[in-house]
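Since the structure comes first, as structure tokens, the remarks are kept for the end.
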Amino acid sequence: MSQTIAKSNQTKRWQEMDAAHHLHPFTTHHQLAKTGARVITHAKGVYLYDSEGRKLIDGMAGLWCVQVGYGREELAEAGYKALKELPYYNAFFQTTNPYTAELSQKLSEVTPKGIDRFFFANSGSEGNDSAVKIIRYFWNLQKKPNKKIFIARKKAYHGVTIAAASLSGLTSMHPQADLPMPGFVHIDCPYWYGEGGDMSPDEFGLKTARALEEKILELGADNVAAFVAEPVQGAGGLIIPPATYWGEINRICKKYDILLHVDEVICGFGRTGNWFGSQTYGIEPDMINMAKGLSSGYQPIAAVGLGGRVGDVIFNSDEEWSHGFTYSGHPVACAVALANLEVMQKEHLVEKAGGSTGAYFQKKLAELGDHPLVGETRGVGLLGAIELVKNKATREKYPSELDVGYRCRVHCFDNGLVMRAIGDTMVLSPPLVISESEIDEIFYLARKCIDLIARDLGVL
Ligand SMILES: *Cc1c(COP(=O)(O)O)cnc(C)c1O
């Protein structure tokens, strides 16, 4: 929200309450308190509305999650029905409920082949912390208690709880909480545009995949528990792996008997044009983590899906498994997630993201490549990134003090578009229900705002 625009008293009241008492995720609080937080009051389809009546087109589907768009009656009705019939019961004490049972069954149908047992959590972070415990337990049961080191990647985002943040490779997340914990290490990621230099994408894909092999050999395969990775790295800057990358990772994990835990929190549920990113990239996961699109964000819910190797060992263990949340398999969250998946199937949203809608989105994204400030555009399905650079030929970036991406994002908000900035990479991840004319609107506004920041920088 532009600071110069007058605000209603109601907006000011909410902003004051918020500034006084609400701590936000990833925020410098005293700075936000000066301008006041944007107050979003309602949403419909692909549009958000703020407390000043301004309309924004949501190029980020909330936080990569609102696959079916806002204001879907089917999801609201499903939640309301569950709230009336069974607002809460737990899954401890040999108990289940219809919603959790049916969602588990549905997930076994839509997730990659072989993934067929599901543990429910309430956020992607909890899913990854649960996965770390599952993997440790698995190797303990296998009588290989030394296999404990987790290898993840630089620029990875796996969430904020202690183990998830340790897996994350965004270094700014670590020092405040003395992370990563011991036993979590990070290797290079396949960020070809930024780090590939003169190599071809395929060469660079192989090189960064083989960094996993080098790390395993350095640590000793007998000490390594798992490799953990997103199919496409999201919050680290939308890093799309070269075609050679994942096949090599599959091979290395198998050769050294390292579990492959794939974090599908963003890529799951159609984002890359298939139900899961693992399918788009031919990944062979032992287990996956999912959240975000699972309920289109309408309810907090996550799930860790286990393939046969890990799932059978956990399932057949004679010990009681000492893990689980009060809200694991929450009936309302499961009911809403189930309705969400039914809408996605009925409206063929995954097929559209992998077909006509995705193709149209990628075509419009690529057209931005001609802009003097745009070094590269890249995308897959309904994910897109636009790298803003100083020099297209050398890929040189602007100095970080200039905050080019952040300032572009401000122009976007001021002009009615939500487009995220990750450094100087602008990122789009719209709802899967988006229409072609709405895609046109996003790219019209995106170009306008890139023009505005280019003008600020004296490029145009
Ligand atoms: C968002 C995200 C998470 C964390 O999910 P929360 O629900 O915010 O805890 C984990 N992994 C990936 C890949 C994500 O994008």
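As the structure lists them, so they are numbered: ligands from 1, and atoms in each ligand from 1. Since the model is a prediction, treat every value here as computed from it, not as a measurement. For this chain, numbers begin at 1 and follow the sequence in order.
The ligand atoms of ligand 1 that sit less than 4.0 angstrom from a heavy atom of Gly159 are 4 (C), 10 (C). Using a 4.0 Å cut-off to heavy atoms of Ile266, the atoms of ligand 1 that qualify are 15 (O).
Ring geometry for Phe119 against Phe325 counts as tilted: the plane angle lies between 30° and 60°, on a 0 to 90° scale.
Under 4.0 angstrom from ligand 1, the non-hydrogen atoms of Glu230 all belong to its side chain.
Using a cut-off of 4.0 Å between Lys/Arg side-chain N and Asp/Glu carboxylate O, Arg409 and Asp414 are scored as not salt-bridged.
Annotation: cation-pi pair Arg117/Trp321 absent, no NZ/CZ under 6.0 Å from the ring centroid and within 45° of its normal.
At least one donor-acceptor pair closer than 3.5 Å links the side chain of Arg271 to the backbone N or O of Leu382. The main-chain N or O of Glu264 is never found under 3.5 Å from a side-chain atom of Asn289 such that the two would form a donor-acceptor pair.
Residue contact annotation: Lys292 has a non-hydrogen atom under 4.0 Å from ligand 1.
Between Ser125 and ligand 1, an N or O atom pair is found at a separation short of 3.5 Å.
Among all non-hydrogen protein atoms, the one lying nearest atom 12 (C) of ligand 1 is Tyr157 O, 3.3 Å. The nearest heavy-atom contact from the protein to atom 7 (O) of ligand 1 is Gly124 N, 2.9 Å. Taking atom 11 (N) of ligand 1 as the reference point, the nearest protein heavy-atom neighbour is Asp263 OD2, 2.7 Å.
The line from NE2 of His261 to SG of Cys253 is 12.5 Å long, rounded to the nearest 0.5 Å.
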